[in-house]
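Okay, so here's the structure we're looking at.
All chains are named by letter (A, B, ...) in the order of the sequence lines, taking the proteins before the strands, and each is independently numbered beginning at 1.
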There are 2 protein chains.
Amino acid sequence: MSESDLPGSQGGETLLFLTDDQLRQGIEAMFFAYRGFTADPDRILQNYSYGRAHHRALHFINANPGTTVNNLLAILGVTKQSLNRVLRTLIEDGLVQSNVGRSDKRERNLHLTEKGEALEQELSNAQRVRMRAAYRQAGPEAVQGFKRVLEAMMDPEMRRIYTKMRETR
Amino acid sequence: MSESDLPGSQGGETLLFLTDDQLRQGIEAMFFAYRGFTADPDRILQNYSYGRAHHRALHFINANPGTTVNNLLAILGVTKQSLNRVLRTLIEDGLVQSNVGRSDKRERNLHLTEKGEALEQELSNAQRVRMRAAYRQAGPEAVQGFKRVLEAMMDPEMRRIYTKMRETR
DNA sequence: CATTTTAAGTCAGCCTTGTTGACATTCCAA
DNA sequence: TTGGAATGTCAACAAGGCTGACTTAAAATG
């Protein structure tokens, strides 16, 4: 007679905290934490009259140098027009360089300029300071769990992109 | 540019994953996961021509029945005008009831109506389904870590509010 | 009691960032 | 050579943030 009929018992786990209250707690934690997560970059962006959308573009161009517009669209999950508006100001302001693709001249390969890299650094440094502090406070096992849950929370397509980016590093 | 050779060793902890790459990975995980986190409610809200702001109001009125407008403002971190716009439509549509305070008649005590509770349930059920799945997939220890890191990531004032809400439950 | 402060609501206007739809251009590939 | 894909642009619109100014009512305070 096995014990597998215990609810939530799987893969050596014992109890899962799946009451509605526990779940709501997690939902609220995500809400409040995400605010903290974006607070520092948001403050910096104001000095440059940029918004979160600019930060996201800078971040992912930096993480994927030479990426195409289409690829960026898939990562960011916004419309072409929305991204284009942001991208245009970044190019005009000399933070992003857009080069016609070599093999496929329809494509544009996106890179950060020195100026772009500088701002990206400023933004992600601020964000990293908070992440580092949170990681230290929570401890290494907590960090593992943190990432596991976040990964499991993503839409499959986003998880694919996330994993791929992690690997090509 | 590497860090000190024994990064983050403190308080009995052994290794902390604090390389810039590890931190950036966490940043990206937050970004992609938050998209998943809001995807299901967002889809439902479209059927009612409401937005995320309405969802947040419903959620926190439900979590704090009888709360005042001022209190809600502190939780949501938006301006009075911004919240009022959302609140007004919810009251007009009969999802939220606003009662003059008994002890202090300047205040309004906010409650969900049956209709409001129904929508709140529909939204948070969808969100909970995903959270539950993510929790199961990641396991109970991961969930602990997930919450620890998120808590550490919050602004102190938000952590205070979060903790308080958790206790009065 | 008079004054000040607080809570809530409203109006007007602005910005960012998302959306659709229509359309032009370029260029690869069948 | 023609169809389709990738990119870009224009216009219009909506949600949801913001600021500033102002009103009303009630509480708190001197």
Grab the N/O contacts between the protein and nucleotides 20-23 of chain D below 3.5 Å, and write none if there aren't any.
from	atom 1	to	atom 2	distance (Å)
D:dG20	O6	B:Gln81	NE2	2.6

Are [X] and [Y] within salt-bridge range, i.e. N to O under 4.0 Å?
{"X": "A:Asp93", "Y": "A:Arg88", "result": "no"}
{"X": "B:Glu120", "Y": "B:Lys115", "result": "no"}
{"X": "B:Asp42", "Y": "B:Arg35", "result": "no"}

So does A:Asn70 get a side-chain nitrogen or oxygen closer than 4.0 Å to the phosphate oxygens (OP1/OP2) of D:dA5? no
At less than 4.0 Å, is any side-chain N or O atom of A:Thr79 found next to OP1 or OP2 of C:dT19? Yes or no. yes
Report the distance from atom [atom1] of [X] to atom [atom2] of [N], rounded to the nearest whole Å.
{"X": "A:Leu72", "N": "D:dA6", "atom1": "CG", "atom2": "P", "result": "15 Å"}
{"X": "A:Leu76", "N": "C:dT17", "atom1": "CG", "atom2": "P", "result": "12 Å"}
{"X": "A:Arg102", "N": "C:dC28", "atom1": "CZ", "atom2": "C1'", "result": "18 Å"}
{"X": "A:Lys105", "N": "C:dC27", "atom1": "NZ", "atom2": "C1'", "result": "9 Å"}
{"X": "A:Tyr34", "N": "D:dG17", "atom1": "OH", "atom2": "P", "result": "14 Å"}

Within residues 83-91 of chain B: residues closer than 4.0 Å to DNA chain D (heavy atoms):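 Per residue number, the list reads B:Arg85.
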Sorted by number, the residues of residues 38-59 of chain A with heavy-atom contact under 4.0 Å to DNA chain D: none
Which protein N or O atoms sit under 3.5 Å from an N or O of nucleotides 28-30 of chain D?
none

Main chain of B:Gln25, side chain of A:Lys147: is a donor-acceptor contact present, judged purely on distance under 3.5 Å?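 Not a single qualifying donor-acceptor pair exists.
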Is there a donor-acceptor pair closer than 3.5 Å between any side-chain N or O of B:Asp104 and the backbone N or O of B:Arg106? yes
Heavy-atom side-chain proximity of B:Met153 to A:Phe146 below 4.5 angstrom: yes
Surrounding CD of A:Glu114 (heavy atoms of other residues, nucleotides or ligands, distance under 6.0 Å), is the total greater than 12? no
Would A:Glu157 and A:Arg160 satisfy salt bridge (Lys or Arg N to Asp or Glu O under 4.0 Å), going step by step from the backbone distance to the final call? CA-CA 5 Å; A:Glu157 173 63 7; A:Arg160 196 189 63 75; 3.1 Å; yes
Kindly write out the residues that satisfy ring pair (Phe, Tyr, Trp, His ring centres under 6.0 Å) with B:Phe31, not counting sequence neighbours, or none if the list is empty. A:Phe60
Would you please test B:Leu112 and B:Leu95 for side-chain contact (heavy atoms from CB on, under 4.5 Å) and show each step? CA-CA 6 Å; B:Leu112 295 190; B:Leu95 296 159; 5.9 Å; no
Where do A:Asn99 and A:Gln97 land on the side-chain hydrogen bond (donor to acceptor under 3.5 Å, both in side chains) test, with the steps shown first? CA-CA 6 Å; A:Asn99 300 319; A:Gln97 211 191 333; 3.3 Å; yes
Return the orientation label for the A:Tyr48 and A:Tyr50 ring planes: parallel under 30°, perpendicular over 60°, tilted otherwise. parallel
What residue pairs, at least two apart or across chains, pass ring pair (Phe, Tyr, Trp, His ring centres under 6.0 Å) with a residue in residues 81-103 of chain A?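 Applying ring pair (Phe, Tyr, Trp, His ring centres under 6.0 Å) to every pair that reaches into residues 81-103 of chain A, excluding sequence neighbours, yields nothing.
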Of the listed nucleotides (D:dT7, D:dG17, C:dA7), which one gets closest to any side-chain atom of B:Glu107?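 Closest of the options to the side chain of B:Glu107: C:dA7.
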